[in-house]
J.: 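Let me give you the structure first, and then I'll get to my questions.
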Amino acid sequence: MKRYRNGEIWDFELEMPPRPGGPGVVLGLDGGTTSTLCVCIETPISDQLFDSPMVLGRAVAGCSNHNSIGETAARETMEQVMAEALLKSGFHRSAVQAVCLAVSGVDHEIDRLRILQWLRNVFPGNVKLFVHNDAVAALASGTAGKLHGCVLIAGTGTVAYGFTEDGREARAAGAGPVLGDWGSGYGIAAQALTAVVRAHDGRGPPTSLTPAILQKLQIQSPDEVIGWTYADPSWARIAALVPVVKACAGAGDKVAQNIFLIAVQELAASVKAVVQRLGLSGKDGLESFPLVMVGGVLETNEGWDIGEEVISCISKDFPGVLSIRPKLNCRCYLAFIEIFSAV
């Protein structure tokens with residue numbers, strides 16, 4: 001095991017004696033554009049642990065999507081939470097039997113291979129390593145590990161991902177804000193900021209988004225919105241305005257409501273595209289299939305349940321859709337499934 005460039009974060013291992021014997025532990029990491037969560041659990045010894053895994057330590061940090069913050073910063077975030085979760089659990093890396101990373105931005109095989117190579121320099125050679133896109137783990141979290149059906153993630157970014165029982169897969173959206181992740185938190189908030197600018201210069205109708213966003217950003221004039229936006233256009237910073245947009249829509253603002261109407265249509269279109277490409281609803285379009293829904297945009301708050309509206313839109317074409325909102329907060333559930341069959 002090499003000492004990685006951030007080796008100092010592992011210095012706790014020098015001061016803490018390793019635990020003798022025992023079943024060992026596994027690490028599951030759920031990395032997104034807004035936050036990254038790592039849990040350390042006891043090595044599963046039966047599928048009963050999937051219902052209530054013994055979490056020994058957990059750690060949370062910021063973005064780990066390399067497309068958003070760069071490869072170096074993303075790796076530093078992931079290594080930080082893995083080390084912190086192990087520290088809190090009282091174990092060394094020598095006790096780790098397997099690691100599963102489910103990270104947004106892992107969209108191609110080359111992305112996966114790069115992370116695997118990096119992980120091999122962080123952990124002992126006997127540790128089993130798994131790397132997936134976070135959409136794969138999100139689907140597993142709602143289907144008890146069975147990779148069949150479709151998952152819709154709508155947080156800072158958005159993606160729809162699907163699997164068939166014979167192993168075929170397809171995805172829609174997830175190309176990032178520049179290429180139009182409409183329906184994502186970033187897309188919703190960016191449209192709201194645009195609406196404020198348009199209302200200010202006369203290209204758009206007046207909207208309650210203007211005073212609400214000015215108050216949230218603690219600025220005095222819509223003219224300052226431009227400077228605020230480009231001072232730090234990071235995805236999560238922009239997407240953090242979604243609750244303000246929801247509040248305005250819930251209060252009856254037509255501009256805000258139209259932004260969410262567009263979001264619902266875009267999110268539903270992503271799911272429909274995946275379902276059609278994979279034939280998840282059968283030849284007649286009536287067969288049932290699971291749709292796992294995760295992400296802050298789909299959560300109910302401020303009187304709006306975007307998830308229910310998306311389901312309503314999808315069910316018009318695919319009445320067999322079965323929506324699932326996972327109870328397990330950490331989508332590292334996939335780690336439990338894979339590691340159980342591997343260790």
Side-chain angles (χ1 to χ4, degrees), residues 26-32 44 47 49-50 53 65 67 97-117 119-120 127-154 157-175 267-295 311 314 317-326 328 330-343:
V26 298
L27 293 175
L29 184 147
D30 177 11
D47 56 7
L49 287 177
F50 298 161
N65 184 325
N67 291 323
Q97 295 197 1
V99 178
C100 180
L101 270 58
V103 189
S104 65
V106 180
D107 300 321
H108 306 285
E109 180 65 9
I110 187 64
D111 299 325
R112 193 182 72 86
L113 292 176
R114 284 175 179 169
I115 295 179
L116 283 172
Q117 183 179 20
L119 284 174
R120 186 51 66 203
V127 176
K128 296 177 174 63
L129 304 174
F130 307 93
V131 177
H132 296 279
N133 181 278
D134 64 335
V136 180
L139 176 60
S141 73
T143 59
K146 184 179 181 181
L147 294 182
H148 168 65
C150 186
V151 60
L152 174 64
I153 298 178
T158 183
V159 66
Y161 214 108
F163 284 86
T164 62
E165 292 182 329
D166 60 4
R168 290 181 298 118
E169 58 186 87
R171 60 176 287 163
L267 294 172
S270 295
V271 173
K272 291 178 183 179
V274 170
V275 173
Q276 289 174 333
R277 286 167 61 188
L278 296 178
L280 292 176
S281 61
K283 293 182 179 180
D284 59 4
L286 300 177
E287 291 184 17
S288 63
F289 63 91
L291 173 60
V292 180
M293 306 179 70
V294 297
I311 288 296
I314 294 171
D317 294 312
F318 303 110
V321 61
L322 303 173
S323 65
I324 301 171
R325 305 205 189 195
L328 190 62
C330 177
R331 298 199 301 272
C332 301
Y333 192 95
L334 181 62
F336 309 156
I337 303 299
E338 280 208 286
I339 290 165
F340 177 74
S341 62
V343 297

J.: Is it true that, when you exclude Glu109 itself, more than 12 heavy atoms of the residues, nucleotides or ligands shown sit nearer than 6.0 Å to its CD?
T.: yes
J.: Are the side chain of Thr158 and the backbone of Ile153 linked by a donor-acceptor contact shorter than 3.5 Å?
T.: yes
J.: Are Val294 and Pro326 packed together at the side-chain level, in the sense that at least one heavy-atom pair is separated by less than 4.5 angstrom?
T.: yes
J.: Compare every heavy atom of Val274 with every heavy atom of Cys150, then report the nearest pair and how far apart it is.
T.: SG-CG1, 4.0 Å
J.: Report yes if the side chains of Leu129 and Val131 come closer than 4.5 Å at any heavy-atom pair, otherwise no.
T.: no
J.: Considering all heavy atoms of both residues, which atom of Leu29 and which atom of Gly31 are nearest to each other, and what is their separation?
T.: CD2-N, 3.7 Å
J.: From Leu291 CG over to Thr143 OG1, what is the distance, rounded to the nearest 0.5 angstrom?
T.: 11.5 Å
J.: When Leu280 is tested against each of Phe289, Phe163, Phe318 for side-chain contact (heavy atoms from CB on, under 4.5 Å), which residue passes?
T.: Phe289
J.: I want to check something: taking the side chain as every heavy atom from C-beta on, are Ile311 and Met293 in contact at a cut-off of under 4.5 Å?
T.: yes
J.: Do you know which two heavy atoms are closest between Gly105 and Asn67, and how far apart they sit?
T.: CA-ND2, 3.6 Å
J.: Over all heavy atoms of both residues, which pair between Ser288 and Leu322 is shortest? Give the atoms and the distance, please.
T.: CB-CD1, 3.9 Å
J.: Enter the distance from Ile110:CD1 to Arg112:CZ here, rounded to the nearest 0.5 Å.
T.: 10.5 Å
J.: Could you check whether any side-chain N or O of Arg120 sits under 3.5 Å from a backbone N or O of Val127, counting only pairs where one atom can act as donor and the other as acceptor?
T.: yes
J.: If we ignore hydrogens and angles and just use 3.5 Å, is the side chain of Arg171 paired with the main-chain N or O of Val159 as donor and acceptor?
T.: no
J.: Show the nearest heavy-atom pair for residues Leu147 and Val136, with the distance to one decimal.
T.: CD2-O, 3.8 Å
J.: Over all heavy atoms of both residues, which pair between Leu286 and Pro319 is shortest? Give the atoms and the distance, please.
T.: CD2-CG, 3.5 Å
J.: Measure the spacing between NE2 of His148 and CD of Glu169 and express it to the nearest 0.5 Å.
T.: 14.0 Å
J.: Calculate, to the nearest 0.5 Å, the distance between atoms CZ and CG belonging to Phe130 and Leu116 respectively.
T.: 10.0 Å
J.: Do side-chain atoms of Asn133 reach the backbone of Val106 as a donor and acceptor pair under 3.5 angstrom?
T.: yes
